[in-house]
Structures are given as structure tokens and as C-alpha cells.
Amino acid sequence: MIAIRRRSALALAVSGVIGLAAFTWPLFVAPSSDIAHGGDAPWTFALLLPLVLAVVLAELSDHGMDSKAIAMLGVLSALGAAIRPLGAGTAGIETIFFLMVLGGRVFGPGFGFVLGNTTLFASALLTGGVGPWLPYQMLGAAWVALGAGLLPQWRGKAEIALLAAYGVVSSLVYGFLLNLSFWPFAVGEGTSVSFDPDASAGANLVKLAAFTLATSLGWDLGRAVTTAVLVAVTGPVLLRTLRRAARKASFTLAQTIDG
């Protein structure tokens with residue numbers, strides 16, 4: 001597992017705060033009715049890419065991510081971009097999240113954060129999926145892969161079960177966050193699931209949960225099941241393969257935070 005060092009941890013923390021703000025600000029700032037959500041996405045994208053670069057540079061400067069790790073990042077990102085079209089858009093089936101979970105697990109949260117961003121960006125270029133939703137997809141995927149790198153260091157069948165369960169939970173959370181990114185501006189006013197700028201954040205979260213249940217839960221469950229099944233089926237082989245590649249490339253195997 002590639003080490004997390006102080007500057008890397010700081011960059012990840014800053015990206016987490018800004019990313020959370022990018023998703024949740026409508027719950028705390030009353031939007032005007034003529035604001036289209038696509039107007040803030042480019043600003044999120046402009047903030048996101050320097051943060052990804054900051055993580056990479058922090059890892060490079062601290063000798064946590066060298067040229068071999070960057071080569072592995074390129075391979076996994078390209079593989080993820082290639083396999084995503086096999087399932088995306090079909091009953092919620094997602095063939096990409098399991099790879100980010102396994103990559104983040106083996107190489108650590110810093111690597112996982114960058115992997116989630118680069119994989120979604122590369123797949124969007126490949127499939128023509130570039131739009132105002134892309135920054136949020138990239139952030140969400142980055143958090144999925146990052147979280148996999150922070151899970152307890154179990155091994156064997158327990159590790160596969162842990163990663164499969166994490167795949168289910170993270171897939172559902174990912175869908176919930178993406179709904180939050182457009183729901184305040186997409187539903188309109190006056191319905192039982194409409195965003196109410198005068199209501200509390202808690203009340204609006206309840207409405208968002210109802211909106212998710214009524215619209216996207218089936219897709220989110222498809223993503224969750226697909227991810228869990230692919231982790232369970234491919235995990236034993238891919239984890240061994242990725243760890244063998246990490247050992248041969250002499251990646252740092254200890255997860256540390258130091259100066």
C-alpha cells in the first residue's frame with residue numbers, strides 16, 4: 001500500500017471539504033429559481049483538477065508515488081475506461097466500481113483518490129459522457145476508491161466479504177450524492193419531493209431520500225449488486241495480481257502518515 005504522508009493527507013482533506021461543499025451547498029444556501037445547476041459544475045471541475053494534481057505532486061515529492069505507481073495508475077484507469085461501456089446505462093449495471101475498490105484497497109487511499117478521478121474522466125472522454133455531471137461523478141468515484149484504502153487490513157475470505165459489503169454501501173451512497181448534485185434544480189416546485197429553500201437541511205434530506213427511493217434506487221441497487229458480485233468473483237485473483245505487481249515495482253507497502 002502506497003504510504004499517505006503529511007502533504008498527501010492535507011491535500012486529501014482539503015479535497016474532501018471542497019467536494020462535500022460542492023455536493024451539499026444547496027442544502028445550506030437558498031438558491032434562486034433561475035440558477036441552473038450546470039453553472040456551478042465548471043467551477044467544481046476547475047477546483048477538482050488542481051486538487052488531483054496536488055495529491056499526485058504530494059505523493060511524488062514525498063516518494064510515496066513514483067513513476068512505477070503512475071504507470072500502474074495509467075493502466076488501471078485505461079482498463080476501467082475500457083470496461084465501463086460494457087455495462088453503463090443498462091439497468092444500473094456498473095462494471096467499473098469493483099476495479100476502483102480493488103485498486104484503492106491494494107495501493108491505498110491517496111492512489112485510490114486519483115484513480116477514481118482519472119478513471120471516470122478517461123471513460124467520459126471515451127464514451128462522450130462529458131457534461132456538468134462529470135465533476136460530481138469524478139468526486140464520488142474518488143471517494144469510493146479512497147474509502148476502500150482505509151478499510152481494516154483483513155485477509156482471505158473476510159477481506160473479500162468486507163470489500164463486497166463496502167461495494168454495496170459505497171454504491172448506494174454514490175447514487176445518493178449524485179442525486180443531491182442535481183435534485184434541487186431538476187424536480188421543480190410544489191411536489192412532495194421538491195427542494196424547499198426555506199426548510200431545514202434535515203427536512204430537505206428526507207425529501208431527497210424520498211426522491212431517491214422513487215426514481216433511482218433501482219439503478220443504485222443494480223450498481224451495488226454488480227460491484228459486490230464482481231468483487232466476490234474477481235477479488236481473490238485481482239488482489240493477488242495487484243499485490244504481486246506492487247511488490248515487483250517496489251511500492252511502499254506500509255500505510256503511514258509522517259512528515
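The figures that follow rest on heavy atoms only: side chains count, while hydrogens, waters and symmetry mates do not.
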From [X] atom [atom1] to [Y] atom [atom2], the distance as rounded to the nearest 0.5 Å:
X      : Y      : atom1 : atom2 : answer
Leu73  : Asn117 : CG    : CG    : 10.0 Å
Leu134 : Leu139 : CG    : CG    : 9.5 Å
Ser170 : Leu163 : OG    : CG    : 10.0 Å

Output all residues satisfying side chain to side chain donor-acceptor pair (under 3.5 Å) with [X], sequence neighbours left out; order by chain, then residue number.
X      : value
Thr241 : none
Ser194 : Thr191
Thr212 : Asn179
Ser77  : Thr118

If you define the side chain from C-beta out and look only at heavy atoms, does anything of [X] sit under 4.5 Å from [Y]?
X      : Y      : answer
Ile96  : Leu120 : yes
Phe107 : Leu242 : yes
Leu99  : Leu115 : no
Met72  : Phe111 : yes
Phe98  : Ile83  : yes
Thr119 : Leu79  : no
Phe121 : Gln137 : no

Axial cation check for Phe97 ring with Arg223, 6.0 Å and 45° limits: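 Ring-cation test returns yes.
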
Side chain Trp154, main chain Ala161, donor-acceptor under 3.5 Å: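 It does not hold such a pair.
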
N/O donor-acceptor pair under 3.5 Å between Arg84 side chain and Ala122 backbone: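 Checked: no pair found.
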
Hydrophobic cluster partners of Val233 (side-chain heavy atoms under 4.5 Å):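 Listed partners: Val225, Val229.
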
Parallel, tilted or perpendicular: rings of Phe211 and Phe182 (30°, 60°):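 If you compare the ring of Phe182 with that of Phe211, the planes turn out perpendicular.
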
All side chain to side chain contact (heavy atoms under 4.5 Å, CB included) counterparts of Ala145, not counting sequence neighbours: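 Once residues adjacent in sequence are excluded, the partners of Ala145 under the side chain to side chain contact (heavy atoms under 4.5 Å, CB included) criterion are Met100.
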
